[in-house]
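Below, each value reflects all heavy atoms present in this structure, side chains not excepted, and no hydrogens, waters or symmetry copies.
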Amino acid sequence: ELRHTGRARVVSSTAVECISPAMQQQREAVLVQLRIDSSAGAVIGSSAGGVFLYSLPMRVHLVHPSIGSVQGGTMVEVHGSGYAAGQTACLFGMSEAGAVRAEVASSSLLSCMAPAAAEGDVAVEVTGNGGADMTQDGRVFRYVGDGVTERVEPSFGPEAGGTVVTVVGHGFVSSRHVVCRVGSSGMVQGTWRTSSMVTCVMPAHRPGNTTVEVSNTGGVFGRSRVPYAYIGVQSIVSVAPSIGPVAGGTVVRVVMSTE
């Protein structure tokens, strides 16, 4: 039987702290026992013991997306190694407010929802024991403000979609995660032009009024949206008069019908 001993620091009358020694085997459950010795070496107390689990070291190789809203709410995938279900959590920055529960999908993939934070870059790390130990890989997640949508040009287009619109506003961030949302669910890729301009291609939509808004982060939107109208397909019923002089100047009445 292999034994490791070490000094303990007394925290209170009911708690002590020790530093776990290195082990040759990983993912091994070991029995932790407490033995209290007097300065003369006599044993004056001992405990029945508890279980401590040695696990593989965790690593963070990649976070996706690497940008999110200051509101929080961005679902982030963390790719790495050594992940196991249990007390696994993500740490966005070093404050306790940045610690959030992680959903472990496999030993190399977990997901967690970014909490609210101030604008700027933070490191995303992972812990498997409630923060006592954590990775030190420094993968960066960028918090950005929400863009404000003020108007869209043109503000109408055919129900078949395909209209390239320019969304005008402010606070738009240069990122491949920029998207436009049409109505409550129709999201299309946006193209960042400037901090006040984003373009997107409108998708097909039934005729009627809807809204357009922009997200800097691919999914978390602010509260600014502007109206956009989809026009139904129309056909020409009649043209009157149907003839006129080559000099032009004839007033022609065109009657349309919605199919």
Quick one: salt bridge (charged side-chain N to carboxylate O under 4.0 Å, His left out) partners of Arg176, sequence neighbours excluded? none
Backbone N/O of [Y] and side chain of [X]: donor-acceptor pair under 3.5 Å:
X      : Y      : result
Asn216 : Gly145 : yes
Arg225 : Thr211 : no
Thr127 : Met134 : no
Arg151 : Thr149 : no

Is there a side-chain contact between [X] and [Y], using heavy atoms and a 4.5 Å cut-off?
X      : Y      : answer
Val251 : Arg253 : no
Thr74  : Met113 : no
Thr250 : Pro245 : yes
His61  : Ser81  : yes
Arg142 : Val173 : yes
Ser111 : Met75  : yes
Leu62  : Arg139 : no
His177 : His64  : yes

Are a donor atom and an acceptor atom from the side chains of [X] and [Y] found within less than 3.5 Å of each other?
X      : Y      : answer
Thr135 : Glu125 : yes
Arg181 : Ser215 : no
His170 : Glu150 : yes

Same cluster or not: Ile236 versus Val252, using hydrophobic residues (I, L, V, M, F, W, Y) connected whenever any side-chain heavy atoms lie under 4.5 Å apart? yes
Looking only at non-hydrogen atoms, find the nearest pair between [X] and [Y] and report the distance.
X      : Y      : result
Ser69  : Asp146 : OG-OD1, 2.9 Å
Thr217 : Gly68  : CG2-C, 3.4 Å
Pro207 : Gly232 : CG-CA, 3.7 Å
Ala229 : Asn209 : CB-OD1, 3.6 Å
Cys180 : Cys200 : SG-SG, 2.5 Å
Thr163 : Pro158 : OG1-CD, 3.2 Å

Clusters formed by hydrophobic residues whose side-chain heavy atoms approach within less than 4.5 Å: which one holds [X], and what are its other members?
X      : value
Tyr83  : Met58, Val60, Val63, Val70, Val76, Val78, Phe92, Val100, Val104, Leu110, Val122, Val124, Val126, Phe141, Tyr143
Phe172 : Val152, Val165, Val167, Val178, Val182, Trp192, Val198, Met202, Val212, Val214, Val226, Tyr228, Tyr230
Met197 : none

Gap between atom CD of Glu159 and atom CD1 of Ile231 - 0.5 Å precision: 9.5 Å
Please collect all disulfide bond (SG atoms under 2.5 Å apart) contacts where either partner lies in residues 83-135, sequence neighbours excluded, each pair once. Cys90-Cys112
Test: disulfide bond (SG atoms under 2.5 Å apart). Region: residues 120-161. Which pairs qualify, not counting sequence neighbours?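 Sorted pair list comes back empty.
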